[in-house]
Amino acid sequence: MSGKTPTGDAYELDLQRLQLALVRYQQHAIAAGEKVLIIFEGRDAAGKDGSIQRITEHLSTRATRVIAPPKPSDRERSQWFFQRYVQWLPAAGETVIFNRSWYNRGGVEPVMGFCTADEHEHFLREVPAFEGMLVDSGVRLVKLWLDVSRKEQKKRLDERRTDPLKVLKSSPLDEAAQSRFDDYTAARDGMLRRTHSDKAPWTCVRSDQKKPARLAILRHLVRTLAPEAISREVEPPDPSVLFGFELGALSDGRLAR
C-alpha cells in the first residue's frame, strides 16, 4: 500500500503539530457546544487502537469519551438495535469516539453468524435514516474505515500472539480474521456501498503503514471539523493513504482483497 513512512523526528514533529491543531479545535468545539461523533471501523489489526490513542492523547478527558461497546446483554438483544448506542451519543461540547460501533452488524455479526440474514438486511436499510437523524440533530459525524492487507494483518495478529505486551489485544475472533478474510471483504463491500451517504459519508484509510495512516487521520479530522482559522494551517491528507469512499475503490486496488 502507498504512502511514505515518515522517519522518527519528522513523524513526531508532524504528530505534535496535528495534535496541537486538534486541541485548538476541541477548545472551539467545547465553547461552541459542538457534538462530535467519530466512528472507527475496519478489519481486525487495522490500527484502530493506536490511531485513537494519538487522537485522544492531549484532548480533554472530561470532554472526550472512547466507547468500545461490549457484547450485548440478553436484554439489549431484545431492544431496538440502535437503542443501546444512543446512551453514548455526545452532548454539547463532547467528543465521542466509537472503537467499533453499530457497524458490528455490518461485518462481524453476519460473517460470524451472530445475527440472521434478515437482521443484517434490516440493519443496512435502517442505517442511513438513523445517521441522517443524528446529523440533522447537529451531530458532527465522521466515519472512518481502516483497511489492511491480508499479509499485513497476518503479521500483526501473529505479533499479538507472541508479544507479551500485546496479548491483551488478542481476541477469539482473530483466527477468523484470516480464515474468513474473503467473507469479511464481501461484507465490507456491501456495507460501504449501502451505508455511504451524502450526510454520513465513509472515509477510507489504507493502514498497512501505521504512521502515515495516523497522520492522515489527524489531518482529515482537523480539516473536516475545525473552522478555517485552524484547518487552513493543516495540509490535506495524502490521497494515496486516505480518500473518500467511492464505488471504484472496491475494484481498483485501493481496498484490500
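We number each residue from 1, following the sequence as shown.
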Fill in: side-chain hydrogen bond (donor to acceptor under 3.5 Å, both in side chains) involving Asp49 - partner list, sequence neighbours excluded
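So Asp49 forms a side-chain hydrogen bond (donor to acceptor under 3.5 Å, both in side chains) with Asn99.
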
Discussion item. According to side-chain hydrogen bond (donor to acceptor under 3.5 Å, both in side chains), who are the partners of Arg257, at least two apart in sequence or on a separate chain?
Written reply: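 Scan of Arg257 (side-chain hydrogen bond (donor to acceptor under 3.5 Å, both in side chains), adjacent residues dropped) gives Asp189.
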
Item to complete: Give me the one residue out of Arg156, Lys155, Lys154 that meets side chain to side chain donor-acceptor pair (under 3.5 Å) with Asp158.
Response: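 Only one of Arg156, Lys155, Lys154 forms a side chain to side chain donor-acceptor pair (under 3.5 Å) with Asp158, namely Lys154.
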
Worksheet item: Between Tyr11 and Lys211, is there a cation-pi geometry (under 6.0 Å to ring centre, at most 45° from the normal)?
Response: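 Cation-pi check for Lys211 and Tyr11: passes.
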
Worksheet item: For Gln53, what residues pass the side-chain contact (heavy atoms from CB on, under 4.5 Å) criterion, not counting sequence neighbours?
Response: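 Checked Gln53 against side-chain contact (heavy atoms from CB on, under 4.5 Å); zero matches.
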
Discussion item. Please enumerate all residues that pass side-chain contact (heavy atoms from CB on, under 4.5 Å) together with Glu235, with sequence neighbours excluded.
Written reply: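 Listed in chain order: Arg219.
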
Residue pairs, two or more places apart or on separate chains, that pass ring pair (Phe, Tyr, Trp, His ring centres under 6.0 Å) and touch [range]:
| range | value |
| --- | --- |
| residues 124-153 | Trp80-Phe130, Phe82-Phe130, Trp102-Phe130 |
| residues 223-255 | His196-Phe245 |
| residues 163-195 | none |

Worksheet entry | Pair listing, salt bridge (charged side-chain N to carboxylate O under 4.0 Å, His left out) test, anchored in residues 168-178, at least two apart |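 Qualifying pairs: Arg160-Asp174.
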
Worksheet item: Do any pairs count as a salt bridge (charged side-chain N to carboxylate O under 4.0 Å, His left out) and have a residue in residues 99-122, sequence neighbours left out, and if so which ones?
Response: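 Salt bridge (charged side-chain N to carboxylate O under 4.0 Å, His left out) check on residues 99-122 returns Glu41-Arg100, Asp44-Arg100, Arg105-Glu109, Glu121-Arg125, Glu121-Arg194.
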
Discussion item. For Phe98 and Phe40, I'd like to know if the aromatic rings sit close, meaning centre-to-centre distance below 6.0 Å.
Written reply: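 No, ring centres 6.0 Å or more apart.
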
Worksheet item: Looking only at heavy atoms, what is the nearest atom pair of Ala256 and Val148, with distance?
Response: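 Nearest pair, atom of Ala256 first, then Val148: CB-O, 3.5 Å.
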
Worksheet item: Members other than Val167 in its cluster, when Ile, Leu, Val, Met, Phe, Trp, Tyr link by side-chain heavy atoms under 4.5 Å?
Response: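 Val167 clusters with Leu168.
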
Fill in: Pair listing, side-chain hydrogen bond (donor to acceptor under 3.5 Å, both in side chains) test, anchored in residues 224-234, at least two apart
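Sorted result for residues 224-234: Arg24-Glu233, His220-Thr224.
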
Item to complete: Could you note down all residue pairs passing side-chain hydrogen bond (donor to acceptor under 3.5 Å, both in side chains) where residues 86-96 supplies at least one of them, sequence neighbours left out?
Response: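 Qualifying pairs: Arg65-Glu94.
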
